Amino acid sequence: MPPTKLHQATVVLHQEAGRGYFRIVLKAPGLAKQARPGQFVMLRVSENQDPILARPFGIAAVKSKQYIELFYRVVGRGTALLATVERDAVLQVQGPLGNGFPAPEKGTTPLLVAGGSGFPPLLYFALSMRHPLYMFLGARDKECLPPLRAIKSCREQAEKVYIATDDGSAGTRGFVTDGLAAFLDSRNDRESFVIYACGPRSMMAAVSKLAAERGISCFVSMEERMACGLGVCMGCSVAVRTGGYKRVCKEGPVFKSSDIDWSEQVVLPALHRK
Amino acid sequence: MPPTKLHQATVVLHQEAGRGYFRIVLKAPGLAKQARPGQFVMLRVSENQDPILARPFGIAAVKSKQYIELFYRVVGRGTALLATVERDAVLQVQGPLGNGFPAPEKGTTPLLVAGGSGFPPLLYFALSMRHPLYMFLGARDKECLPPLRAIKSCREQAEKVYIATDDGSAGTRGFVTDGLAAFLDSRNDRESFVIYACGPRSMMAAVSKLAAERGISCFVSMEERMACGLGVCMGCSVAVRTGGYKRVCKEGPVFKSSDIDWSEQVVLPALHRK
Amino acid sequence: MRSAELKKGIPAKASKCVTSPDLSVNVAGIKMKNPVMTASGTFGYGEEFKDIIDLNRLGGIIVKGVSARPIKGNPPPRIWETPAGMLNAIGLENPGVDVFINEKLPILRSYDTAVIVNIFGYSLEEYVAVTERLDGIPGIAGLEVNISCPNVKAGGIVFGTNVKAASELLTALRKATKLPLIAKLSPNVTDITEFARAAEGSGCDGLSLINTLLGMAIDVRCRKPRLANVTGGLSGPAIKPVAVRMVWQVARAVKLPIIGMGGIMTPEDALEFILAGATAIAVGTGNFINPRATLDIADGLASHLKREGIPSVRDLIGQVIVA
Amino acid sequence: MRSAELKKGIPAKASKCVTSPDLSVNVAGIKMKNPVMTASGTFGYGEEFKDIIDLNRLGGIIVKGVSARPIKGNPPPRIWETPAGMLNAIGLENPGVDVFINEKLPILRSYDTAVIVNIFGYSLEEYVAVTERLDGIPGIAGLEVNISCPNVKAGGIVFGTNVKAASELLTALRKATKLPLIAKLSPNVTDITEFARAAEGSGCDGLSLINTLLGMAIDVRCRKPRLANVTGGLSGPAIKPVAVRMVWQVARAVKLPIIGMGGIMTPEDALEFILAGATAIAVGTGNFINPRATLDIADGLASHLKREGIPSVRDLIGQVIVA
Ligand SMILES: Cc1cc2nc3c(=O)[nH]c(=O)nc-3n(C[C@H](O)[C@H](O)[C@H](O)COP(=O)(O)OP(=O)(O)OC[C@H]3O[C@@H](n4cnc5c(N)ncnc54)[C@H](O)[C@@H]3O)c2cc1C
Ligand SMILES: Cc1cc2nc3c(=O)[nH]c(=O)nc-3n(C[C@H](O)[C@H](O)[C@H](O)COP(=O)(O)OP(=O)(O)OC[C@H]3O[C@@H](n4cnc5c(N)ncnc54)[C@H](O)[C@@H]3O)c2cc1C
Ligand SMILES: Cc1cc2nc3c(=O)[nH]c(=O)nc-3n(C[C@H](O)[C@H](O)[C@H](O)COP(=O)(O)O)c2cc1C
Ligand SMILES: Cc1cc2nc3c(=O)[nH]c(=O)nc-3n(C[C@H](O)[C@H](O)[C@H](O)COP(=O)(O)O)c2cc1C
Ligand code: FES
Ligand code: FES
């Protein structure tokens with residue numbers, strides 16, 4: 001049998017990371033060894049049957065091929081319960097799940113665009129590559145930006161980190177996409193760019209449009225409610241442009257932005273983003 | 001409005017008490033002030049909806065009119081969850097509930113008979129009175145007896161403490177009722193005795209028979225599954241000899257043993273007892 | 001904290017400022033200060049809760065089922081806990097309508113809340129008897145008819161799962177009283193709207209739904225049912241999605257006002273039922289979990305209306321947006 | 001650790017020592033090494049789980065529903081979590097029977113486990129078409145017919161909630177195949193035994209129960225249903241008491257073997273269904289919560305038999321003690 005995707009992970013570190021985020025480091029060697037940037041895990045946050053479903057979180061880092069790091073915000077009951085988990089607790093984790101980001105080709109310049117709490121998988125992605133890259137971090141306000149620790153990692157890795165907040169409380173005022181558009185339009189090496197975005201659907205739709213208009217290839221990491229994370233329940237489907245649906249947990253979470261049917265109305269409120 | 005029965009209690013002490021018991025002390029002044037021996041509380045062991053019902057526990061002591069003490073054994077999911085509760089946690093508690101033991105009349109000699117983990121309310125009862133009293137503690141084996149701390153309190157309070165275990169690993173070998181019968185038959189001041197028993201139904205049925213045969217008045221503290229603890233769900237009823245049912249949480253938990261219909265077959269497995 | 005997507009669904013009036021929202025409702029001709037009631041069998045005859053909450057703050061109290069003669073109830077065990085719910089087989093224990101009128105009702109009457117008497121019987125005649133006995137007694141705002149009983153005389157067919165039997169029963173009761181008549185529907189049916197229509201056709205003034213789902217649990221070690229009665233009624237949050245669905249279906253099928261119930265524990269739960277089409281709601285099992293649940297819900301509804309700028313809770317009834 | 005009272009219920013053979021208990025069962029003519037299967041729609045076509053558990057250890061796999069033509073499914077959101085359960089409205093998305101036969105079945109065939117194909121259609125003809133297509137294909141142990149579909153041709157009446165429509169459908173399918181035919185019953189009916197008898201009368205070899213309960217949830221802030229499809233199927237531990245009750249009722253009403261499902265997560269849950277009358281059981285939502293649930297259950301059943309001194313799991317089928 002191939003390496004299993006079901007793990008009992010020990011919490012080796014769990015702390016507030018600032019700006020309302022928690023940082024949790026799990027010892028799960030079997031999982032860490034298989035993980036690639038853009039993949040995610042399903043974490044059981046309760047041993048009881050309420051809440052019953054595991055919660056999906058993007059992998060933010062892999063350390064010493066033994067540990068995985070996650071960042072999350074408390075947005076509802078599941079994350080509130082997770083926040084009470086103590087060091088040394090053992091959690092059931094499935095992963096790594098999903099396809100992950102396609103490795104950037106040689107000579108390309110990755111532009112990583114994170115909205116709200118969409119940064120964790122992009123952080124891992126940034127840390128995993130040697131390409132010169134640019135990062136764009138957007139949030140509603142300063143308090144919703146990634147924690148300083150994460151921004152610091154970004155700065156070390158990127159040529160430049162552009163920050164935007166809707167209210168101007170940090171970085172430039174406006175949407176992250178405004179900054180991205182200005183950047184793209186100010187540069188003449190546009191053909192080397194590849195965009196990787198993760199954040200609220202509305203933001204990714206805007207990024208996708210921007211990229212399409214300029215002929216830049218763009219990948220987006222989608223979110224949907226999930227039950228199994230394994231591709232069996234068909235619960236996490238998103239509409240694609242060729243008609244029909246694709247599973248975020250299996251064919252995704254990373255899709256070519258041009259494959260997604262952005263017109264499809266979605267009720268899912270992304271409380272924790274933006 | 002009369003003093004409320006609904007309290008938010010703070011855990012001020014929670015520790016293993018030996019022999020598989022846990023001891024928990026809750027700060028709940030409103031509750032402590034109203035409590036009488038033989039009454040119980042309903043404790044919510046989870047903030048989620050699984051398990052959903054509160055669990056009943058007899059009050060084992062009231063301290064400084066502020067604190068109540070409970071002893072419990074882990075027998076299922078609810079008590080297992082309770083055992084993980086940390087100091088300073090706040091738990092929803094209802095109480096004091098039920099009628100409590102009738103105060104012994106002047107000149108009577110109370111005989112307190114506890115089977116398995118039936119000792120907590122009897123402990124409170126023993127500590128609350130000035131009467132010369134005798135205690136009979138029975139359990140399957142030494143490890144199921146009350147914790148040493150509780151036995152010590154009993155010894156301080158009682159003229160004598162008789163201990164019996166089914167396997168003879170502590171005290172005399174045999175049922176607690178054997179010792180009780182021998183005691184009763186060895187004494188000629190029988191008419192002053194009043195028996196108060198708490199434990200598994202089978203033990204209480206035997207005590208009840210013993211008492212009836214000898215014309216000694218006897219009170220038993222009954223157990224049934226409970227949902228509300230307030231007398232509204234009618235879930236905790238026990239059959240009484242006059243026909244029909246009485247609610248353990250309202251008319252009980254203490255009944256005259258002669259009022260109970262001991263023939264009524266009961267499926268409830270009393271795992272935590274004996 | 002709400003995202004732009006979320007706001008889209010909310011009507012324009014959401015911006016108006018509402019300082020004292022109106023929680024009052026009228027169900028089946030019964031005026032209530034708020035839409036929060038207690039479900040039958042989970043609140044006794046009220047008095048048991050007077051040490052815990054101020055009964056005057058309740059919209060209404062639906063009392064434990066009352067029958068023409070006293071009923072002993074089922075042998076124990078009568079309850080069993082299930083995931084996010086519980087099974088009960090109390091067997092409708094009650095002291096009978098005369099004791100209710102003489103001993104319980106006087107206490108209830110002293111509170112400023114609508115008292116609705118839940119009634120049942122084991123034959124049409126028994127239902128009629130209890131109804132006639134209650135008709136004209138002061139202090140009763142209405143009757144809720146629990147139709148989930150077997151008609152012992154007619155071979156045990158359950159009124160609540162047979163449209164014809166239910167119609168006959170409700171038509172007979174309609175003749176027996178002028179009190180507002182609320183039919184309490186069973187969820188253990190293929191199409192609950194048939195029963196709602198039957199109640200409407202029989203002259204009922206309102207509907208209560210849902211009663212418990214029939215369930216069973218087994219102790220695998222001793223191989224016996226967990227309940228002495230073998231099967232019992234499933235209640236609590238576990239059944240909430242079924243209850244919300246049925247309220248929604250029924251609200252679209254009939255004009256009668258609905259008292260929604262089934263797993264309600266929080267203001268959000270109550271709002272689900274109201275948006276689905278309930279005019280009032282009742283808390284059942286929730287009273288056991290949080291004895292203050294009713295008042296917390298009333299307070300939570302008021303805050304919700306304020307926050308969203310909605311003048312009256314009545315503006316929300318049946319307002320779920322379905323494409 | 002068991003008390004004297006507990007032991008009373010257990011038959012005398014409990015004292016015998018059983019070292020290798022027999023877990024094998026035969027359901028509807030399908031031989032399985034143990035009674036543990038996976039419920040349709042919760043295990044894909046098996047391959048998704050091959051990285052997690054050894055599929056050879058399963059008694060059987062009931063695959064995701066297959067139809068004559070590919071089905072796109074419902075728009076998202078398709079799922080919603082509920083207390084101890086979940087709602088789903090996937091809309092029976094599947095690639096169609098040809099893709100199933102050509103791409104999915106070859107992989108399944110390589111495992112030593114019974115493959116049962118769950119089928120459905122939106123008219124009698126569509127059901128017949130998929131049945132005929134599967135008939136005679138090697139590697140298929142039997143067909144499970146999901147009758148909870150609306151008959152679009154006949155005005156949308158749901159096969160599973162209309163006894164006559166269900167009988168006609170199952171009789172037609174009986175003619176279309178020699179494969180063991182298992183009718184999967186809907187719990188959204190007044191009397192599930194009527195449907196069990198109809199299936200028996202139509203020549204079915206076995207029954208699966210239960211499918212999901214129809215439910216609904218509403219987002220109270222944006223006032224929209226949580227599912228794009230408005231209503232969905234409730235599954236998981238929340239519905240277990242209803243499922244156990246229905247298995248028990250059906251086991252007493254018909255002779256057909258039963259595959260029990262609905263909220264099974266643990267060996268104890270499985271034993272409840274077996275004692276109630278199920279010959280085999282299937283894990284559905286439980287696969288999402290604990291992807292090893294099926295194997296944990298198979299192991300747990302073996303331990304239980306050893307501990308209790310029961311030679312075969314078949315000795316437990318329907319053995320609940322009811323006075
Ligand atoms: C592939 C993937 C990767 C993710 N990575 C991260 C991450 O690294 N850090 C992080 O903080 N969050 C991440 N999320 C979102 C995270 O899963 C949700 O915040 C979490 O499940 C909410 O659980 P809850 O019980 O606290 O909230 P709930 O009470 O369940 O819901 C609160 C709100 O969150 C929404 N929500 C619930 N589940 C999801 C979901 N699966 N996707 C999107 N929204 C949801 C609900 O609709 C609701 O509005 C990711 C989601 C997906 C699908
Ligand atoms: C008035 C009263 C006072 C009690 N006082 C004490 C006490 O001081 N210390 C103590 O350790 N225990 C006491 N109990 C028993 C205690 O309530 C149960 O042990 C507890 O509810 C089990 O919860 P659980 O979730 O761990 O077990 P579950 O998983 O719910 O059940 C485990 C076993 O315990 C049985 N059980 C569950 N609820 C009850 C109940 N209400 N009464 C009896 N058996 C039950 C179950 O049938 C099962 O066999 C008392 C019970 C009552 C009714
Ligand atoms: C212990 C108990 C007793 C009940 N007794 C009655 C009753 O006497 N008459 C009745 O119509 N419904 C009775 N019910 C049903 C409730 O009124 C309510 O319809 C049902 O429990 C669903 O609501 P819930 O999930 O909020 O409890 C009872 C429910 C419980 C839990
Ligand atoms: C996501 C999901 C998809 C399902 N798809 C199907 C299906 O295609 N065909 C079918 O007959 N039942 C389907 N079911 C029903 C299950 O097979 C099962 O009958 C039901 O979920 C009850 O079992 P559970 O509580 O263990 O999940 C589905 C259930 C779920 C949760
Ligand atoms: S979460 Fe189940 S298929 Fe994606
Ligand atoms: S526990 Fe509800 S009446 Fe006693």
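Labels below follow one simple rule: chain letters A, B, ... track the order of the sequence lines, proteins then strands, and each chain is numbered from 1. Please read these numbers as outputs of a predicted model, since none were measured by experiment.
Chain A forms more heavy-atom pairs under 4.5 Å with one residue of Phe43(D), Tyr45(D), Phe49(D), Phe288(D) than with any other, namely Phe288(D). Contacts with chain D were tallied for Gly231(A), Gly243(A), Cys228(A); Cys228(A) has the most, counting heavy-atom pairs under 4.5 Å.
The nearest pair of heavy atoms linking Ser237(A) to Arg78(D) is OG-NH1, 3.0 Å. The two residues Tyr245(A) and Pro76(D) make their nearest non-hydrogen contact at CE2-CD, 3.5 Å.
The OG1 atom of Thr42(D) sits 12.0 Å away from the CE atom of Met234(A) when rounded to the nearest 0.5 Å. Note that CD1 of Ile53(D) and NZ of Lys5(A) are 14.5 Å apart. Values are rounded to the nearest 0.5 Å.
Within residues 41-53 of chain A, the residues having any heavy atom closer than 4.5 Å to a heavy atom of chain D are Arg44(A), Gln49(A), Asp50(A), Pro51(A), Ile52(A), Leu53(A), listed by residue number. Within residues 85-92 of chain D, the residues having any heavy atom closer than 4.5 Å to a heavy atom of chain A are Gly85(D), Met86(D), Ile90(D), listed by residue number. Residues of residues 98-112 of chain D never come within less than 4.5 angstrom of chain A, heavy atom to heavy atom.
You'll find the side chain of Leu230(A) reaches within 4.5 Å of the side chain of Ile52(D), heavy atoms only. The closest side-chain heavy-atom distance from Cys233(A) to Lys64(D) is not below 4.5 Å.
Side chain of Glu81(D) to backbone of Ala227(A): no donor-acceptor contact under 3.5 angstrom is found. Without hydrogens or angle criteria, Arg225(A) side chain to Trp80(D) main chain gives no donor-acceptor distance under 3.5 Å.
For chain A, the nearby part of Asn74(D) is the backbone; its heavy atoms alone come within less than 4.5 Å.
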Assess the residue pair Arg247(A) and Glu48(D) against the criterion (salt bridge (charged side-chain N to carboxylate O under 4.0 Å, His left out)); give the C-alpha distance rounded to whole Å, side-chain angles, the decisive distance to 0.1 Å, and a yes or no.
CA-CA 13 Å; Arg247(A) 296 165 296 182; Glu48(D) 292 86 353; 3.8 Å; yes
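The side chain to side chain contact (heavy atoms under 4.5 Å, CB included) check on Ala61(A) picks up Lys63(A), Glu69(A), with sequence neighbours excluded.
Applying the 6.0 Å contact sphere to NZ of Lys33(D) captures more than 12 heavy atoms from other residues, nucleotides or ligands.
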